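To start, the structure itself, in C-alpha cells.
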Amino acid sequence: MSRINMAVLLVLGLLLVTAKQSMQMSLRNPIAEIETSNCKVAFLRLGLVLASDNNEKALLDSGLFEPDSENPHVDIAGRRFHVGTLNKTPIMYVKTGTHSVNVAAAVQTLLLKFRTSGIIFFGSSGSLDENMLVPGDVAVPKAVAFTGVWEWKKFRSENKGKLVFGDFNYPVNGENLLGTVEHQKIDMFSTSEEPKEVFWLPISSSWYEAATEELKDLELKKCHSGTCLPGTPKIVFGSKASTSDFYVKNKAYGDFLVEMFNASTADSASGSVALTSLSNEKLFVVFQGVSNVAGGKSTNAGIKYIASYNAFLAATKFINSIPTPRLACE
Ligand SMILES: *[C@@H]1O[C@H](CO)[C@@H](O)[C@H](O)[C@H]1NC(C)=O
C-alpha cells in the first residue's frame with residue numbers, strides 16, 4: 001500500500017472514532033454536550049425556576065436577563081429552557097406552570113439535561129397570617145410541606161384525622177358526613193439513600209443561611225404604574241410554607257394550616273421544587289412573593305405584580321451573591 005493511501009486510511013479511521021465518541025456523548029446527555037463541547041462555557045449555571053406568566057414578566061421587565069447569543073433556549077417536552085445571564089451571573093430559567101406535577105416535571109428536566117449547581121425558585125403565595133405577611137412582602141421559608149396529601153377517613157371512623165369537617169359546620173359545630181382527614185407524609189426518593197416518608201422538606205441550610213445574610217437589607221418595590229402598597233414591604237425569614245394543588249382562599253382552612261402546622265404561606269409550587277431538588281441532592285432555595293391573604297379581600301393585578309417583582313428581586317440578589325462554580329475543560 002502506498003504511503004498516501006496509508007495516510008488516508010489513518011485519517012478516515014480517526015474520523016470514525018471521533019464520530020462514534022461524539023455520538024455516544026450526545027446520546028448520553030445531548031444538552032450538556034452543547035454546553036461543554038468546546039470549553040466555551042466552562043462553568044455551572046444556576047437554575048432559576050418560576051411558575052407563572054406574572055413571574056416571568058417581572059424577570060423580563062427588569063432588563064437584567066440577557067439571553068445567550070448562540071443558544072438562547074432549548075425546548076423540551078413543551079417547556080422552554082432559557083439560557084443566558086442574570087445581571088452577569090450565568091443562569092438558565094424555566095417557567096413551569098403551576099401545580100405539583102408541572103413544577104416537578106420541569107425541575108427534574110432541568111436537572112437532568114443541564115449542568116446546574118442548584119435551583120433558585122421564586123413565585124407567588126398566599127399569606128395565612130396577616131400579622132406576619134401582607135401582600136407585597138417576600139417570605140423566605142425554612143421548610144415546606146405538601147399539605148394536600150390526604151387520607152380521607154370514613155364517616156364516624158374510629159381512627160380520626162386532625163381535620164374534622166364537623167368543627168367547621170356553620171352556624172354551629174356538629175357532625176358532618178365528610179368526616180375527617182389525616183394529612184399524609186410523602187415518599188422521598190434520593191440518589192444515595194433508601195426512599196423514606198417525610199413531611200417537612202428543609203430548604204438547603206447553606207443557601208438559606210446565605211439568603212438571610214445577603215437579603216437582610218434588600219429594598220423592595222412599593223409601587224407599580226400608579227398602584228402602591230399601603231405599607232413598606234418587608235422580607236420575612238424562617239417561616240414554614242405549605243404547598244398543595246388546591247389554591248387556599250378559605251380562611252377557616254388557612255387558620256387550620258396555621259394551628260396544625262404553623263405554616264405562614266400557601267402555594268402550589270414550592271413543595272415540588274423542594275422534593276425534586278432533594279431527590280437529586282441539589283441545593284435549592286425558595287422566595288415567595290405574597291400576593292394575597294387567605295380569606296382576605298382580593299388583591300388587584302398591580303399588587304400581584306409587585307409581589308412577583310419583589311420575589312424576583314430577592315432571587316436576583318441571592319443569585320448575584322453566590323460565586324459561579326467553574327468546571328475544568330473537558
Ligand atoms: C411558628 O412560626 C413562627 C413564625 O415563623 C415562629 O416565630 C414560631 O416560633 C413558630 N412556633 C412554633 C411553635 O414552632
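What you see is a predicted model; the values in this text were computed from it and never measured. Numbering of ligands and ligand atoms starts at 1, following listing order.
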I would like to know whether Glu182 and Lys153 meet salt bridge (charged side-chain N to carboxylate O under 4.0 Å, His left out); could you show each step before the answer? CA-CA 7 Å; Glu182 188 69 44; Lys153 309 281 189 178; 5.1 Å; no
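In this structure, atom 7 (O) of ligand 1 is not in close contact with the protein, since no protein heavy atom lies within 4.0 Å of it.
For ligand 1, the atoms sitting less than 4.0 Å from at least one non-hydrogen atom of Ser239 are 5 (O), numbered in the order shown with element in parentheses. Residue Gly238 approaches ligand 1 through these ligand atoms, each under 4.0 Å from one of its heavy atoms: 5 (O).
The two residues Asn310 and Lys221 come nearest to each other via the heavy atoms OD1-N, 2.6 Å.
For Tyr253 and Phe168, the distance between ring centers is not under 6.0 angstrom. Residues Phe81 and Phe114 place their aromatic rings such that the two centres sit under 6.0 Å apart.
Using a 4.0 Å cut-off between charged nitrogen and carboxylate oxygen, Asp255 and Lys251 count as a salt-bridge pair.
With a heavy-atom cut-off of 4.0 Å, Met132 touches ligand 1 through its side chain alone.
Residue-to-ligand polar distances place Asn262 within reach of ligand 1: an N/O pair is separated by less than 3.5 Å.
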